[in-house]
Amino acid sequence: MTTASQKLQATVTSRETDAPAPVRVVIVAPSLDILGGQAIQASRLLRRFGEERSLVVDFLPVNPRLPGPLRALQNVKYVRTVCTSIMYVGLLLFRLRRYDIIHVFSASYLSFLLAPAPAILVAWLYRLPVVLNYRSGEAEDHLARWRRTALPIIKLARYVVVPSGYLVDVFSRFGVSAQAISNFVEPTEFCFRARETLTPVFFSNRNLEPLYNVGCIIDAFKLIQAEYSDAKLVIAGDGSERGRLEARVCELALRNVTFLGRVAATRMADIYDQADIYLNSPNIDNMPTSVIEAFSCGLPVVTSNAGGIPYIVQHEQTGLIFEKGDHVALASQALRLLNSPTLAQTLISNARAACDQYRWPTICKSWVELYHDLGEKTKVEHG
């Protein structure tokens with residue numbers, strides 16, 4: 001005799017059998033061995049996608065570690081690039097056929113050639129659909145200079161997804177249709193702290209490379225410190241400009257400037273919490289996750305107008321914007337925050353509200369719909 005519980009179990013088993021198989025996705029991106037925006041967003045997506053039953057999401061690093069004693073080769077300049085590239089292409093050839101969709105993170109220039117291009121070409125060889133997740137603020141120059149090489153490869157991707165409307169507009173000028181799915185932040189990781197009275201404690205966490213122009217912040221801080229002698233500046237990040245920037249601090253006889261160097265992503269929220277104003281001065285940018293992290297933490301933002309930043313920061317609504325490269329304007333806007341408490345509180349409140357569009361439920365829905373739409377189209381095409 002069949003019991004009621006057995007009938008119920010049979011019904012559940014039948015429904016599970018009838019349910020469509022989960023879509024198998026592999027994210028091809030830098031691992032956190034290369035600390036930067038791509039690696040952080042890829043890590044967050046992988047962690048969150050693990051909660052989605054309709055997906056099986058795996059990870060293939062563009063910077064795989066060589067096994068055993070061979071790993072020492074990755075400490076040697078140039079040799080590192082050759083050995084890592086050989087292993088990366090080998091992994092692509094061996095592993096990509098396991099998946100339904102290849103989700104490839106992309107930067108520009110040589111990075112595009114070394115990382116996304118091989119993944120796109122191997123996927124094309126295996127007739128697998130690619131979602132190219134292009135994330136570089138240098139897109140316009142890259143596509144203009146590499147029109148005959150990068151564009152044909154990009155057009156092999158089934159979808160081009162970018163983090164902001166800015167890059168949607170850039171790609172459209174080159175005849176490529178792109179859609180925007182924003183970066184996101186975790187509210188439990190980047191917690192809001194009310195700052196009723198701002199203190200002159202400033203924070204910057206961009207890589208110390210020329211395009212991020214952290215020198216503009218240092219020059220502006222000279223003017224800020226002339227008004228607030230106890231002002232502090234904390235700079236997180238590392239890069240080729242570090243020595244020059246440290247020398248500039250000494251040249252300007254600045255006080256209370258701290259270079260933290262490379263900071264693990266797990267420590268970053270605590271550093272935001274210790275500051276009161278976030279400064280950002282790139283010459284080239286797309287959608288800096290650090291800006292929305294500052295929004296989430298309750299830091300008012302002073303930023304340049306580079307690239308896609310005006311798409312996410314509205315001047316005198318969610319932040320203060322200055323003309324890129326103008327350190328006098330940067331200092332002036334930073335001083336406005338210290339001297340205008342009402343303005344500061346308005347920006348903090350509006351920026352916090354704007355974070356709703358950068359929360360996981362909104363971003364998850366966009367990605368899951370895209371994956372399933374592409375998965376269904378691929379099934380139809382392959383019969």
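Quick note: residue numbers are just sequence positions, from 1. Not measured: the values here are computed from a predicted model.
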* To do: Spell out, as yes or no, whether a donor-acceptor pair under 3.5 Å connects the side chain of R145 to the backbone of L143.
  => no
* **Any side-chain donor near an acceptor of the partner, E323 and S304, under 3.5 Å** => no
* From C191 atom SG to E186 atom CD, the distance as rounded to the nearest 0.5 Å -> 10.5 Å
* To do: Determine, stepwise, if the pair V104 / N133 fulfils side chain to side chain contact (heavy atoms under 4.5 Å, CB included).
  => CA-CA 6 Å; V104 184; N133 196 185; over 6 Å; no
* Asked: Tell me, do V28 and H103 make a side-chain contact under 4.5 Å, heavy atoms counted?
  -> no
* Asked: From L125 CG over to I120 CD1, what is the distance, rounded to the nearest 0.5 angstrom?
  -> 14.0 Å
* Is a side-chain donor-acceptor pair under 3.5 Å present for N205 with Y278? -> yes
* State whether the number of non-hydrogen atoms from other residues, nucleotides or ligands found under 6.0 Å of R242 atom CZ is greater than 12. => yes
* Structure fact -> dist R135:CZ -> L167:CG (nearest 0.5 Å) comes out at 9.5 Å
* Look at the aromatic rings of Y134 and F112 and report parallel, tilted or perpendicular, splitting at 30° and 60°. => tilted
* Indicate, with yes or no, if I102 and L121 share a hydrophobic cluster defined by side-chain heavy-atom contacts under 4.5 Å among Ile, Leu, Val, Met, Phe, Trp and Tyr. => yes
* N305 side chain near H315 side chain, heavy-atom distance below 4.5 Å -> no
* To do: Write down the atom of Y99, the atom of L128, and the distance for their closest heavy-atom approach.
  => O-CD2, 3.4 Å
* Taking atom types as modelled, is there a side-chain donor on D276 or T199 under 3.5 Å from an acceptor on the other? -> yes
* To do: Please confirm whether the backbone N or O of T81 pairs with a side-chain atom of S85, one donor and one acceptor, at under 3.5 Å?
  => yes
* D285 and K324: CA distance, side-chain angles, deciding distance, salt bridge (charged side-chain N to carboxylate O under 4.0 Å, His left out) verdict -> CA-CA 11 Å; D285 220 327; K324 60 186 179 184; over 6 Å; no
* Closest contact, heavy atoms only, L208 versus V214 -> CD2-CG2, 3.9 Å
* To the nearest 0.5 Å, how far apart are CZ in R352 and OG1 in T318? -> 15.5 Å
* Would one find more than 12 heavy atoms of other residues, nucleotides or ligands at under 6.0 Å from atom CD of E251? -> yes
* Asked: When you measure from the side chain of Q357 to the backbone N and O of A354, does any donor-acceptor pair fall under 3.5 Å?
  -> yes
* To do: Kindly give the heavy-atom pair with the smallest separation between P30 and Q38, and that separation in Å.
  => CD-OE1, 3.8 Å
* Asked: S229 and N256: which non-hydrogen atoms are nearest, and at how many Å?
  -> O-ND2, 4.2 Å
* Are V291 and V263 grouped together when hydrophobic residues (ILVMFWY) are joined by side-chain heavy atoms under 4.5 angstrom apart? -> yes
* Structure fact -> In this structure, CD of E241 is separated from CG of L211 (nearest 0.5 Å) by 9.5 Å
* Lys/Arg N to Asp/Glu carboxylate O, R267 vs E189, below 4.0 Å -> no
* Taking every non-hydrogen atom, the tightest pair across A29 and N63 -> O-OD1, 4.2 Å
* **Beyond-backbone contact of I277 with L299, side-chain heavy atoms, under 4.5 angstrom** => no
* Determine whether D356 and T362 make a side-chain contact, defined as any pair of heavy atoms from C-beta on separated by less than 4.5 Å. => no
* To do: Please lay out, stage by stage, how E293 and R206 fare under the test salt bridge (charged side-chain N to carboxylate O under 4.0 Å, His left out).
  => CA-CA 13 Å; E293 289 171 350; R206 307 309 299 272; over 6 Å; no
* Structure fact -> Tightest non-hydrogen contact, residues Y272 and C297, listed as CB-SG, 3.7 Å
* To do: Would you please test N286 and S136 for side chain to side chain contact (heavy atoms under 4.5 Å, CB included) and show each step?
  => CA-CA 6 Å; N286 171 31; S136 173; over 6 Å; no
* Asked: Any salt bridge between D58 and R24, counting N to O under 4.0 Å?
  -> no
* Rounded distance (nearest 0.5 Å) linking atom CG of D270 with atom CZ of F190 -> 9.5 Å
* **Remaining members of hydrophobic cluster (4.5 Å side-chain criterion), V161** => V23, V25, I27, L45, L46, F49, L55, V57, F59, I101, F105, V131, Y159, I181, F184, W360, I363, W367, V368, L370, Y371, L374
* So does R248 pair up with D219, basic N to acidic O under 4.0 Å? -> yes
* Are I284 and V301 grouped together when hydrophobic residues (ILVMFWY) are joined by side-chain heavy atoms under 4.5 angstrom apart? -> no
* From CA spacing to verdict: side chain to side chain contact (heavy atoms under 4.5 Å, CB included), Y109, E138 -> CA-CA 9 Å; Y109 305 124; E138 298 175 291; 3.4 Å; yes
* Asked: After noting the C-alpha distance and the side-chain angles of R262 and D238, does the key distance pass the salt bridge (charged side-chain N to carboxylate O under 4.0 Å, His left out) rule?
  -> CA-CA 5 Å; R262 188 178 188 270; D238 211 343; over 6 Å; no
* **H372 side chain reached by S54 side chain, heavy atoms, under 4.5 Å** => yes
* Asked: Linking I/L/V/M/F/W/Y whenever their side-chain heavy atoms sit closer than 4.5 Å, directly or via other members, would L335 and L252 fall into one cluster?
  -> yes
* **Neighbour count >12 (heavy atoms, 6.0 Å) for atom CZ, F94** => no
* For the pair R336 and E316, find out whether any cationic side-chain nitrogen is under 4.0 Å from an anionic carboxylate oxygen. => yes
* To do: Treating Ile, Leu, Val, Met, Phe, Trp and Tyr as nodes and any side-chain heavy-atom pair under 4.5 angstrom as an edge, say whether F192 and V185 lie in one connected cluster.
  => no
* To do: Kindly state whether the ring of F295 and the ring of Y358 have centres lying under 6.0 angstrom apart.
  => no
* To do: For the pair Q179 and V168, evaluate side chain to side chain contact (heavy atoms under 4.5 Å, CB included) and give the outcome as yes or no after the intermediate values.
  => CA-CA 6 Å; Q179 67 184 84; V168 171; 5.6 Å; no
* Asked: Any side-chain donor-acceptor pair under 3.5 Å between S281 and N213?
  -> no
* Asked: So does R173 have more than 12 non-hydrogen atoms from other groups sitting under 6.0 Å from CZ?
  -> yes
